[in-house]
Amino acid sequence: MNQLYYRSTRGAGEPVTASQAILQGLARDGGLYVPESIPQLDCTMEELAEMSYPETAYAVMKQFLTDFTEEELKTCIARAYDSKFDTPEIAPLRKVEDLCYLELFHGATIAFKDMALSILPHLMTVSARKNGVKNEIVILTATSGDTGKAALAGFSDVEGTRIVVFYPKDGVSPIQEKQMVTQKGANTMVVGIHGNFDDAQSGVKALFGDRQLEQELDAAGFQFSSANSINIGRLVPQVVYYVYACAQLQKRGELQPGELLNVTVPTGNFGNILAAYYAKSMGAPIGRLVCASNENKVLFDFFRTGTYDRNREFILTSSPSMDILISSNLERLIYKVAGEDPRQNASFMEQLSRTGAYTLPEEMRQRLQDFYGDFTDEAGTAEAIRQVYKASGYIMDTHTAVAAHVAKDYRAQTGDQAPMLVVSTASPYKFTRSVMSAIDPKYEQAEDFALVDELSRLSGTPIPQAIEDIRSAPVLHRTVCEKDEMWDVVKRFLGVK
C-alpha cells in the first residue's frame, strides 16, 4: 500500500506521516492536517456487510493510517472497541418510523465522542513510539460537553500522557459537568472557565501556537497534542461508522445496491459531518449531507449564503455540545473547495480571525452541493422529542432531536424521499432534564437523578453505567479560571515554572 501523507490546510511545512500528524494535533502554522488525497475503499459494500465493527474499522483506517503496521492498528482497534461498549454491535442502527437512527452512544461516556476517543490514546502512544518521542504528551482540549469526558476516560492513567480539559463553567448540562469533575486518574485535570466554548477553544489554540511556550515545555520534558476533532486521529475513526452504517443497511435490505443514503448530522464543530463527507469520498453510497444546527446557526447561514460570520449572539441551548460559533473542522472543507490552495484557505482563516467573517466566491460555493444546511429552534427540538416518543416510545436526546427535526423538514422542503440516516450523538440520559421536560412539563421541577429513574421507566431501557457511576461519586476537580488564566493553570498542573 502506498504511503499516505498529510499536509497543513495553510501550506507551511513538509508533508508528514499519519503518526506525526496524530502526535502534533495542530499543524505548526495553525492549520489542520488533511490527507494529500482521500483513499478509496478496497472492498465492496457486500464484503463490508459481513464484517464486525472492528473489522470494518480496520478496512477503513488502514487506508488513512498507512505508516501503522497491520498488527499495530489491529491492536489499537481491539483495545478500543471492546467491553467498554454495552453492545457487541458498537454502533447499532434503530429504525423508528421512517428514519433510521445510528446510535453512537453505547460507549463508556454515553456520547458519540467515545467512538473516536476510545482509540485515540492507543493511536497516540503507538505514534509516540514510532517517532522516538521521549517527552510526556500533554493532551490539551476544549469541550462543549462531550469531548471532555470521553477524552478524560480515554487518557486516564495512560502512561506517558497527561490531559487537561477546559469547559465553559455555565455552558454544559449538569450530568455532563458531573461526569467530568468526578473523573479519576492522577494524570487528569478538569478546569471550568468563565466564558463560552469558543473562548475555551480559542485559548487552547493560542497555547498550541505559542512558540516560546513550546520551548519551555520541551525543556521541561513535555509536548502538547490535542484530543479535539482538529486531530486527524479523532477524525479518521469517525469515518468508520458511516461506512459501517451503509453496509449494515444494505445487509438489512433498507438500502438497495446502487441507492444512496442521505445523512443528517447534528453538528457544531463540523467534525462529525466532515467524517461523513470523507466516507462518501472513499466510495460509501452516501447522497446528501444534511447539516443540522441549533439556534447557534452559523453553519446554516454559511450554507445558505456562502458567508461564514461568527459576529452574533452566543446562545445557550438544550443541545450544548452544538453551542459553537467557530466551527474548526469547516477549515478542512474550505481547503477542499478552494481547490486545495493553502494560500486561499489561509486568507479566509486570517479574515475570520481579524473580522470574524469571510465570504466564499460563487465558484467555490458551487462545490458545496453535497451539503444542505438547516436548523431547529428550542421549541422544535422539544417538539421532536415529544412527537417521536408519543408515536413510537423511542426517546432521544436533544442533539439527536435537532437532527430528527431537520431531517423531516429536509424531506418536506425538497421532496427527496431517499433513505435517511439520523446520527444519534448522545444518550438521552445525558440530558435528562431537557428530554423529560420536553415529554411532559410536569418533570421540570424534579431532581436530576429522579428524572434518570423516570426516563428508564418510560423508555424501558436500563440506566447506563456511566450515570450510575456518578450518582454518588465525589467531586475531584474544582478548578475554575478566567479565560486569560488558562496557561497559568496548565503550568501549575505540569509543575513548569
Side-chain angles (χ1 to χ4, degrees), residues 4-18 20-21 24-39 64 198 201-202 204-206 208-209 211 226 228-232 234-236 239 265 267-282 288-289 291 293 297-312 324-373:
L4 181 65
Y5 288 95
Y6 290 78
R7 291 185 176 275
S8 168
T9 51
R10 301 187 192 179
E14 293 299 309
V16 299
T17 63
Q20 289 168 334
Q24 291 183 43
L26 194 67
R28 291 178 65 85
D29 59 2
L32 307 187
Y33 283 116
V34 289
E36 289 189 319
S37 62
I38 301 294
F64 285 97
D198 290 331
Q201 181 165 256
S202 297
V204 164
K205 282 189 171 181
F208 269 103
R211 294 294 157 241
S226 173
N228 281 77
S229 54
I230 56 174
N231 192 316
I232 199 71
R234 262 283 304 277
L235 189 60
V236 168
V239 177
V265 187
T267 189
N269 217 14
F270 206 72
N272 202 356
I273 196 166
L274 184 71
Y277 176 69
Y278 276 20
K280 176 182 171 77
S281 302
M282 288 187 86
R288 211 74 189 276
L289 299 158
C291 179
S293 301
K297 54 188 179 69
V298 63
L299 288 167
F300 163 77
D301 291 336
F302 168 72
F303 284 115
R304 289 295 163 98
T305 67
T307 296
Y308 190 94
D309 187 353
R310 63 175 172 82
N311 299 306
R312 62 185 69 203
I324 293 171
L325 296 180
I326 305 173
S327 304
S328 290
N329 267 290
L330 186 63
E331 179 171 348
R332 286 184 164 114
L333 181 64
I334 298 303
Y335 172 78
K336 180 73 174 173
V337 299
E340 301 188 344
D341 180 346
R343 288 170 300 181
Q344 186 164 19
N345 175 69
S347 171
F348 289 131
M349 295 307 121
E350 192 276 329
Q351 288 176 52
L352 182 65
S353 176
R354 184 167 42 84
T355 70
Y358 59 84
T359 299
L360 299 188
E362 184 57 33
E363 68 270 17
M364 282 179 63
R365 281 195 68 194
Q366 290 304 313
R367 297 173 193 153
L368 295 172
Q369 296 304 309
D370 287 334
F371 292 88
Y372 177 95

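The basis for the numbers below is simple: all heavy atoms, side chains too, and nothing from hydrogens, waters or symmetry mates. Treat the numbers as computed from the prediction; the structure is a model and nothing was measured.
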Report yes if the side chains of [X] and [Y] come closer than 4.5 Å at any heavy-atom pair, otherwise no.
{"X": "Q24", "Y": "S8", "answer": "no"}
{"X": "Y278", "Y": "V34", "answer": "yes"}
{"X": "Y6", "Y": "F64", "answer": "yes"}
{"X": "F302", "Y": "T307", "answer": "no"}

Whether the side chain of [X] engages the backbone of [Y] through a donor-acceptor N/O pair (distance < 3.5 Å, no angle test) should be reported.
{"X": "D29", "Y": "G31", "value": "yes"}
{"X": "Y308", "Y": "S327", "value": "yes"}
{"X": "R304", "Y": "G373", "value": "yes"}
{"X": "T9", "Y": "R332", "value": "no"}
{"X": "E331", "Y": "M349", "value": "no"}
{"X": "D370", "Y": "L289", "value": "no"}
{"X": "N329", "Y": "L274", "value": "no"}

Would you indicate whether E14, at its atom CD, is surrounded by more than 12 heavy atoms from other residues, nucleotides or ligands within a distance under 6.0 Å? no
Heavy atoms from other residues, nucleotides or ligands near CZ of R343 exceed 12 (cutoff 6.0 Å): no
So how far is it from [X] [atom1] to [Y] [atom2], rounded to the nearest 0.5 Å?
{"X": "Y358", "Y": "N345", "atom1": "OH", "atom2": "CG", "value": "8.0 Å"}
{"X": "T355", "Y": "N311", "atom1": "OG1", "atom2": "CG", "value": "6.5 Å"}
{"X": "M282", "Y": "Y277", "atom1": "CE", "atom2": "OH", "value": "14.0 Å"}
{"X": "L32", "Y": "L333", "atom1": "CG", "atom2": "CG", "value": "12.0 Å"}

Between N231 and R234, do the side chains contain a donor N or O and an acceptor N or O under 3.5 Å apart? no
Indicate whether the side chain of K336 and that of S281 have a donor and an acceptor atom separated by less than 3.5 Å. no
Between L360 and L368, does the side-chain contact (heavy atoms from CB on, under 4.5 Å) criterion hold? Intermediate values first, please. CA-CA 11 Å; L360 299 188; L368 295 172; 3.8 Å; yes
Looking only at non-hydrogen atoms, find the nearest pair between [X] and [Y] and report the distance.
{"X": "S229", "Y": "N269", "answer": "OG-ND2, 3.7 Å"}
{"X": "Q201", "Y": "I326", "answer": "NE2-O, 3.1 Å"}
{"X": "L4", "Y": "S37", "answer": "CD1-O, 3.5 Å"}
{"X": "C291", "Y": "T267", "answer": "SG-CG2, 3.5 Å"}
{"X": "G339", "Y": "R367", "answer": "N-NH1, 3.8 Å"}
{"X": "P361", "Y": "Q344", "answer": "CG-NE2, 4.2 Å"}

Validation row, ring centre F371 to ring centre F270 under 6.0 Å: yes
R310 and D198 ion-paired at < 4.0 Å: no
Would you verify whether the NZ or CZ of R28 falls within 45 degrees of the ring axis of F208 while also being under 6.0 Å from that six-membered ring's centre? no
With side-chain contact (heavy atoms from CB on, under 4.5 Å) as the criterion, how do Y33 and R7 come out once you've worked through the C-alpha distance, each side chain's angles and the decisive distance to 0.1 Å? CA-CA 5 Å; Y33 283 116; R7 291 185 176 275; 5.8 Å; no
Applying side-chain contact (heavy atoms from CB on, under 4.5 Å), run through V298 and S293 and close with a yes or a no. CA-CA 8 Å; V298 63; S293 301; over 6 Å; no
